[in-house]
Structures are given as structure tokens and as C-alpha cells.
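All ligand and atom numbering here is 1-based and tracks the order in the structure.
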Amino acid sequence: MSSKNKNNIFQPDFMWGASTASHQVEGGTVNQWSVWELEHAKRLAGENHAKLKSLPNWEKIKSQVEDPNNYVSGEGVDHYNRYKADFDLVKDLNLNSFRFGIEWSRIEPKRGEWNQQEVDHYHDYINELLKRGIKPVLNIWHWTMPIWFTDMGGFAKTSNIVYFLEFVEKIGKEYGHKLDFIITLNEPNVYASYSYLTGTWPPQEINVFSFVKVFWNLTKAHKQAYKILKSINPKLQIGIANQVANIQAKRPHDVFDELSTKWMRYFWNWWFYERISHYQDFVGMNYYFTDYYTGKIRKQNPTIPINDLGWYMEPGGLYPIILRAWLRFKKPIIITESGVADSNDSYRQWWIEESLIAMERAISEGVDLRGYFHWSLLDNFEWATGWWPKFGLIEVDREHGMKRTVRPSAKWYSERIKQLKKNI
Ligand code: BGC
């Protein structure tokens, strides 16, 4: 008890962090996504024009949306080479934790062949975080995979899980002793849906059977990965980061709206966690949305406020989500991602401020909340929408030497963390 800070709801070891993913920032990655980007950049430029032209910020984003280069991750934001300087910025922002991805295709470019130089790269990467007193939170799988693995059918084939597990074992043996937390999978719900149900992402299948299979195989992959990692280091805290929405009924007294809300809450938010509930030490949640559902399982959200991507914003929705997860699982909770696409930096401070209030409220009601990782540290490659959406606490100017500029909201966030740490 003595180390606890009585006047501050957030305890001294609360993880104040930011998140990234290898493919979105590193640059120079060669995986199934980078191949797909090059094949589809032109098509995406055309389709996104049609999809996004009704956004209020259309005039501002138009030239980027219409440019095929926008859809190619290419040099990334050169985080692969600039990680030390980026970690100095993490430190300057008063963050004490950092969530990052390990790029599978770098470590195992050919099946069963480990690239020692890349293995060493991530050793150095983790050491540089530790040197600065920043807790590394390693994320194993954030959607990108080596081409040899997806050529074999990826997670759509149960017999392929073993290859993923070989990678997991390698990660555990190499880095497991340096870490407290490992996230095995990022948003299996989003990946399975976009890649196998809507056909938006590679491999662009629209097949409900493949969707179910992939979703199911990812639960298996996680459970096995959990066992392997625990056998290597029993102290590791292991979980996933699922995308969780604050799902509400559009008309709360309408029985159909209520039914579809209940179904969506279960299916989208909780189904995966339920499958792995004996194989997770914490519940990792990525929060971006409050969604209002009508009886036909259709979203009908208010039209304002929206972020640059047109997503309706209700940061306070974090509170009900935390509370529901706590009541359901009674396990420590980590907000593994949360943020806004906001190139003018008009909403980010408000988003974080409201998130802090939601978290304070949950903690004061007894929830064991361990950390908040803002998405993202840096402006990054936003998958099928490319470079124009700006999620970074730190702006990156890719046209001018990858120049980093700390956004005003990030300065505010860092001051706020300092105050919270000082018990004000
Ligand atoms: C993903 C990130 C992505 C963010 C914003 C999350 O679903 O994990 O990779 O950049 O949302 O779209």
C-alpha cells in the first residue's frame, strides 16, 4: 500500500503509452500487404475518391486521396532507422510505456530461416526502450505476414497455425525475458471481417466459411501461443488487443434495435475474448467508436462530431466499454489503442481529456485498469486509406526529410501525465 498514491486515481505504475505497428511506420517491409498495395494502389485511389468525396474535408484531402502513391507504405516514416530518436520523443512526452510490433517477414523471410540481423535489430530496439525507462509492450501479429505464409493460405488453413507458433516461440525465446507484457494478436475481429467477409483487405475473399475458419483459427493460434509463451516465461502477462465498440441501440425502447445491439455487442466485442478467456492475463481493448444500431444491424450514428475519416466521435464511450469488460471478465484491462484521425489537431486533446475522465471514473469504481496507449505515436500508414489520415501525437512530414513535430495536443497530454505523476 505504501507505494500507492492516495490522492491520485492513476497509480504510479499506470502505463502511459503510445502504440504503433511495424508495417505502419517502419518502412521497407516486404510482406503480403506491401505486395497487395503495389497491385491495388490505382484501384484504391479511384474507389476512395467515390467513397470519401462527401466528407467535409474533401477539398483538403482530395489530391492525396486521388494519388496512387498515397496507398503505398514504401519508406514508411523510416521508424526502422529512426527508432532511437523516436524513443527520445516518447521520453520527452513523459510516456513510460510503448506498444510496438515485430515484423514477422523480417525475422523469418523464408520458412524456418531466421534472419539474425533482424533478430538483433529488435533486441537493440527493446534495449533502447529499456535504457530510457520505457516499458516495452510487444505485439506479435498486427495483420502483416510473410509472403510464404499467406501463399500457403495463411490463417485460413488450420495446418498453418504451426508456422505462426514457430515464430511465437522464437519471439518468446529471444525477447520474452526482457518483457512484462505481450500481445499476441491485434484485432482478430477486424482482420477476419475485412479480409474474408467484406473483401476490403488482402486476400480480398468474400466467403463466410473462410471468415469463420480464420476467426476460429486465430482463437486456436492465440491459445497455443499463450501456452508456449508461458512455458518460456511464466511471469509474462499475455493477452490480445481486440477492437471493441461502445454499441448502443438507436432507439433504446425498440425491441429490434435492442436485439441487434445485444447481438453486435456479443459477436463483435466479446466473442473472441470468451473463446480465450482461460488464456489471457489481461483484456486489451482498442477503442475508436460509439455505434448506434437499428434493428436491421445497421449503424445510424449522429453526423457530428466526426473525425477526418468520417468516424463519429464519442470518447466518453470508453467508460461503458471498460465497465462491461470488467464485469464480464474480472481481469486487468489495458486500453491498447484509442485515438483520432485529426490533421488539424482540433479534436485530439478533447479526445484524450474525455478518455482520462472515463478511465478515472472506471478506476474509482474499482476497475483494475493498467494502462492507456494512445494511437498513434507517429502519423502512419493507415492501411487501405493510406497516408492522408493523421493519427499521430507526432506529425511526420514525409515530403521534408520525415521531419517530426510534436502536435499541441501531445504537448498537453505530456503535461497532464506529468501532473498526474506528481499527484496534482
Ligand atoms: C488498428 C490500427 C489502425 C487504427 C486506426 C486500429 O483498428 O489496429 O492499425 O491504424 O485502428 O484505424
Side-chain angles (χ1 to χ4, degrees), residues 17-27 29 31-34 36-37 44 48 51-52 55 61 65 70-71 73 76-77 79 98-104 137-145 183-195 197-198 200-202 218 222 239-247 268-269 272 283-291 306-313 315 317-318 321 334-343 347-348 351-352 355 372-396:
S19 270
T20 54
S22 54
H23 185 68
Q24 295 182 267
V25 289
E26 282 187 354
T29 49
N31 52 40
Q32 102 282 18
W33 259 96
S34 66
W36 183 81
E37 286 159 21
L44 290 169
N48 277 320
K51 254 194 241 160
L52 304 172
L55 284 179
I61 62 175
V65 172
N70 171 66
Y71 303 90
S73 57
V77 290
H79 178 65
F98 186 65
R99 174 181 169 218
F100 64 96
I102 293 258
E103 181 59 35
W104 183 3
V137 176
L138 187 155
N139 191 105
I140 297 182
W141 179 83
H142 199 127
W143 308 337
T144 51
M145 291 163 273
I183 295 167
T184 55
L185 306 175
N186 181 69
E187 299 188 353
N189 53 352
V190 174
Y191 172 76
S193 309
Y194 279 49
S195 290
L197 207 54
T198 64
T200 324
W201 290 353
L218 287 168
H222 169 80
I240 63 157
N242 214 23
Q243 209 239 64
V244 172
N246 174 32
I247 296 170
W268 188 254
N269 289 348
F272 202 96
V283 177
M285 301 198 289
N286 295 352
Y287 173 73
Y288 292 91
F289 313 103
T290 290
D291 283 329
I306 54 170
N307 74 15
D308 291 352
L309 279 159
W311 302 352
Y312 167 62
M313 293 181 286
L318 188 58
I321 273 303
I334 302 175
I335 306 308
T336 36
E337 286 181 25
S338 184
V340 271
D342 180 19
S343 61
Y347 292 109
R348 199 170 280 103
W351 181 275
I352 299 173
S355 304
Y372 172 82
F373 291 76
H374 190 81
W375 185 270
S376 179
L377 179 72
L378 303 160
D379 283 343
N380 59 27
F381 181 70
E382 187 50 33
W383 308 108
T385 32
W387 285 106
W388 68 263
K390 307 293 184 199
F391 275 91
L393 288 168
I394 298 168
E395 179 187 347
V396 181

message = Can you confirm, on distance only, whether ligand 1 has an N/O atom lying under 3.5 Å from any N/O atom belonging to Gln24?
response =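 Such a contact does occur with ligand 1.
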request  = Inspect the surroundings of OH in Tyr191 and state if more than 12 heavy atoms from other residues, nucleotides or ligands are less than 6.0 Å away.
outcome  =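 Above 12, so yes.
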[X] side, atom [atom1]; [Y] side, atom [atom2] - distance, nearest 0.5 Å:
{"X": "Asp291", "Y": "Asn246", "atom1": "CG", "atom2": "CG", "answer": "8.5 Å"}
{"X": "Ser73", "Y": "Glu37", "atom1": "OG", "atom2": "CD", "answer": "3.5 Å"}
{"X": "Glu103", "Y": "Trp141", "atom1": "CD", "atom2": "CH2", "answer": "12.5 Å"}

inquiry  = Do Trp268 and Gln243 pair up side chain to side chain, a donor and an acceptor below 3.5 Å, judged on atom types alone?
reply    =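 On atom types as modelled, these side chains qualify, holding a pair under 3.5 Å.
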Among protein heavy atoms, which lies nearest [atom], and at what distance?
{"atom": "atom 4 (C) of ligand 1", "answer": "Tyr288 OH, 3.4 Å"}
{"atom": "atom 10 (O) of ligand 1", "answer": "Glu382 OE1, 2.7 Å"}
{"atom": "atom 7 (O) of ligand 1", "answer": "Glu187 OE1, 2.5 Å"}
{"atom": "atom 6 (C) of ligand 1", "answer": "Glu337 OE1, 3.0 Å"}

Those atoms of ligand 1 less than 4.0 Å from some heavy atom in [X]:
{"X": "Trp375", "value": "2 (C), 3 (C), 4 (C), 9 (O), 10 (O)"}
{"X": "His142", "value": "1 (C), 2 (C), 8 (O), 9 (O)"}
{"X": "Asn186", "value": "8 (O)"}
{"X": "Trp383", "value": "2 (C), 3 (C), 9 (O), 10 (O)"}

By ring-ring contact (aromatic ring centres under 6.0 Å, His included) - contacts of Phe100 (at least two apart) =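 Checked Phe100 against ring-ring contact (aromatic ring centres under 6.0 Å, His included); matches are Tyr125.
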task = Can you sort out the partners of His142 under ring-ring contact (aromatic ring centres under 6.0 Å, His included), two or more places apart, ordered by chain and number?
result =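 His142 satisfies ring-ring contact (aromatic ring centres under 6.0 Å, His included) with Trp375, Trp383 only.
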ask   = Strictly under 4.0 Å, does any heavy atom of Trp311 approach an atom of ligand 1?
value =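 The answer is yes: ligand 1 sits under 4.0 Å from a heavy atom of Trp311.
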